[in-house]
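Okay, structure first, notes after.
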Amino acid sequence: MTLLTDRVLFIDGEAIIIDKPAGLPVDPPRDGAMSLENHLASLTFGFQRWPLAVHRLDRDTSGCLLLARNPKAHKRFTAAFEAGTVEKRYIAVVDGVPEGDEGTIDLPLKKISSAQDGWRMVPDQKGKSAKTHWTLIATHEGRSLIAFRPETGRTHQIRVHALHGLGAGIIGDPVYGKAGASASTNPARGMLLHSRFLSIPRGTKAAAEATAPLPATFAQAGFPTKLIDDAGL
């Protein structure tokens with residue numbers, strides 16, 4: 001079992017930011033697999049209370065995840081996310097090369113479900129507002145390394161915006177990726193979406209922020225960390 005105590009990026013009296021590994025769900029899944037909840041007792045670091053997740057990352061998404069160490073901090077941090085004052089930056093590899101070097105995807109999203117396919121998010125003008133800024137970092141063998149900066153925090157937002165806004169699904173995405181893409185174009189396996197940077201303002205106190213190292217799977221797919229560092233990301 002991965003020790004999350006070895007993946008702490010930031011810690012003080014009210015906040016912990018961990019580098020969540022891909023494959024670890026934040027909420028207990030129906031299949032009974034291990035989740036963040038199984039690790040919370042090990043993340044108290046001398047406090048009696050278990051820390052609580054302030055937001056969510058998809059099961060297959062890695063990177064910065066904020067935990068609050070007390071109820072008051074949890075309330076403030078949650079309000080910051082709802083107000084859109086939290087700075088978030090994601091890195092992903094998509095299956096294709098978008099037009100242009102940067103832009104903004106403004107596609108409202110709506111949840112749909114069916115007995116055959118389960119549930120997923122789709123673009124729908126009657127859905128909830130969703131906006132994501134993107135920047136092309138590099139290309140390699142028909143794939144692209146993209147930095148995403150979501151303004152909103154809708155479920156699966158970056159994954160759906162990559163597919164429908166850029167016309168290129170994230171490599172290894174089991175729901176919105178190209179069929180067979182994880183086997184044919186992703187030698188690293190897994191979904192290549194990573195929460196790279198997170199910064200939460202705290203008024204007169206310094207922001208709680210951290211940068212999560214890029215998983216080795218990105219280099220295995222042809223995009224080493226140096227590309228991100230050179231781009232200042």
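Computation of the quantities below employed the complete heavy-atom set of this structure, encompassing side-chain atoms and omitting hydrogens, waters and symmetry-equivalent molecules.
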Cluster question for you: counting only ILVMFWY and a side-chain heavy-atom cut-off of under 4.5 Å, with indirect links fine, are [X] and [Y] together?
{"X": "Leu4", "Y": "Leu57", "value": "yes"}
{"X": "Leu9", "Y": "Leu52", "value": "no"}
{"X": "Leu43", "Y": "Phe77", "value": "no"}
{"X": "Val94", "Y": "Leu107", "value": "yes"}
{"X": "Leu193", "Y": "Leu66", "value": "no"}

Indicate the atoms forming the closest heavy-atom contact of [X] with [Y], along with that distance.
{"X": "Val26", "Y": "Lys20", "value": "CG2-CD, 4.1 Å"}
{"X": "Arg143", "Y": "Ala221", "value": "NH2-O, 2.7 Å"}
{"X": "Cys64", "Y": "Ala210", "value": "SG-O, 3.5 Å"}
{"X": "Pro25", "Y": "Gly23", "value": "CD-O, 3.3 Å"}
{"X": "Leu136", "Y": "Ser144", "value": "CD1-CB, 3.7 Å"}
{"X": "Ala73", "Y": "Ala68", "value": "C-CB, 4.1 Å"}

For Lys205, does the NZ atom sit with more than 12 other heavy atoms under 6.0 Å from it, leaving out its own atoms? yes

Heavy atoms of other groups near Arg56 CZ, more than 12 under 6.0 Å: yes

Separation of [Y] [atom2] from [X] [atom1] (nearest 0.5 Å):
{"X": "Lys88", "Y": "Ile158", "atom1": "NZ", "atom2": "CD1", "result": "8.0 Å"}
{"X": "Ile18", "Y": "Asp6", "atom1": "CD1", "atom2": "CG", "result": "11.5 Å"}
{"X": "Leu227", "Y": "Leu145", "atom1": "CG", "atom2": "CG", "result": "6.5 Å"}
{"X": "Arg89", "Y": "Thr135", "atom1": "CZ", "atom2": "OG1", "result": "10.0 Å"}
{"X": "Asn70", "Y": "Gln48", "atom1": "CG", "atom2": "CD", "result": "13.0 Å"}
{"X": "Leu192", "Y": "Ser62", "atom1": "CG", "atom2": "OG", "result": "8.5 Å"}

Output, in order, the C-alpha distance, side-chain angles, deciding distance and verdict of side-chain contact (heavy atoms from CB on, under 4.5 Å) for Asp12 and Arg202. CA-CA 12 Å; Asp12 68 5; Arg202 298 191 291 182; 2.8 Å; yes

Under 3.5 Å, side chain of [X] to main-chain N/O of [Y], donor-acceptor pair present?
{"X": "Lys226", "Y": "Asp230", "answer": "no"}
{"X": "Ser129", "Y": "Pro108", "answer": "no"}
{"X": "Asp58", "Y": "Thr61", "answer": "no"}
{"X": "Thr44", "Y": "Arg49", "answer": "no"}

Measure centre to centre between the rings of Trp50 and His39, then say whether the value is under 6.0 Å. no

Close side-chain approach of [X] and [Y], heavy atoms under 4.5 Å:
{"X": "Pro51", "Y": "Phe45", "answer": "no"}
{"X": "Thr211", "Y": "Phe10", "answer": "no"}
{"X": "Ile228", "Y": "Arg196", "answer": "yes"}
{"X": "Lys110", "Y": "Pro123", "answer": "no"}
{"X": "Ile105", "Y": "Leu166", "answer": "yes"}
{"X": "Pro215", "Y": "Asp19", "answer": "no"}
{"X": "Leu36", "Y": "Leu67", "answer": "yes"}
{"X": "Leu198", "Y": "Leu65", "answer": "no"}

Residue pair Gln157, Tyr90: steps toward the side-chain contact (heavy atoms from CB on, under 4.5 Å) verdict: CA-CA 11 Å; Gln157 177 174 318; Tyr90 291 75; over 6 Å; no

Any chance you could lay out the side-chain contact (heavy atoms from CB on, under 4.5 Å) test for Leu233 and Ile137, step after step, and finish with the verdict? CA-CA 9 Å; Leu233 300 169; Ile137 301 171; 3.4 Å; yes

So that I can tick it off, tell me whether [Y] and [X] are bridged by a salt bridge, with the cut-off set at under 4.0 angstrom between side-chain N and carboxylate O.
{"X": "Arg149", "Y": "Glu87", "value": "no"}
{"X": "Arg76", "Y": "Glu14", "value": "yes"}
{"X": "Arg159", "Y": "Asp60", "value": "no"}
{"X": "Asp173", "Y": "Arg59", "value": "no"}

Intermediate values then yes/no, side-chain contact (heavy atoms from CB on, under 4.5 Å), Trp119 and Lys111: CA-CA 7 Å; Trp119 71 272; Lys111 181 179 179 180; 3.7 Å; yes

Just checking, Arg120 and Tyr176: is the charged tip under 6.0 Å from the six-membered ring centre and within 45° of the axis? yes

Between Phe47 and Arg69, is there a cation-pi geometry (under 6.0 Å to ring centre, at most 45° from the normal)? yes

Aromatic rings Phe218 and His194: how do their planes relate, parallel, tilted or perpendicular, breaks at 30° and 60°? perpendicular

Ring-plane angle category for Phe81 and His55, please: parallel below 30°, perpendicular beyond 60°, tilted otherwise. parallel

Name of the residue among Asp106, Thr104, Thr132 meeting side-chain hydrogen bond (donor to acceptor under 3.5 Å, both in side chains) with His161: Thr132

Can you find a side-chain donor-acceptor pair between Ser199 and Glu209 that sits under 3.5 Å? yes

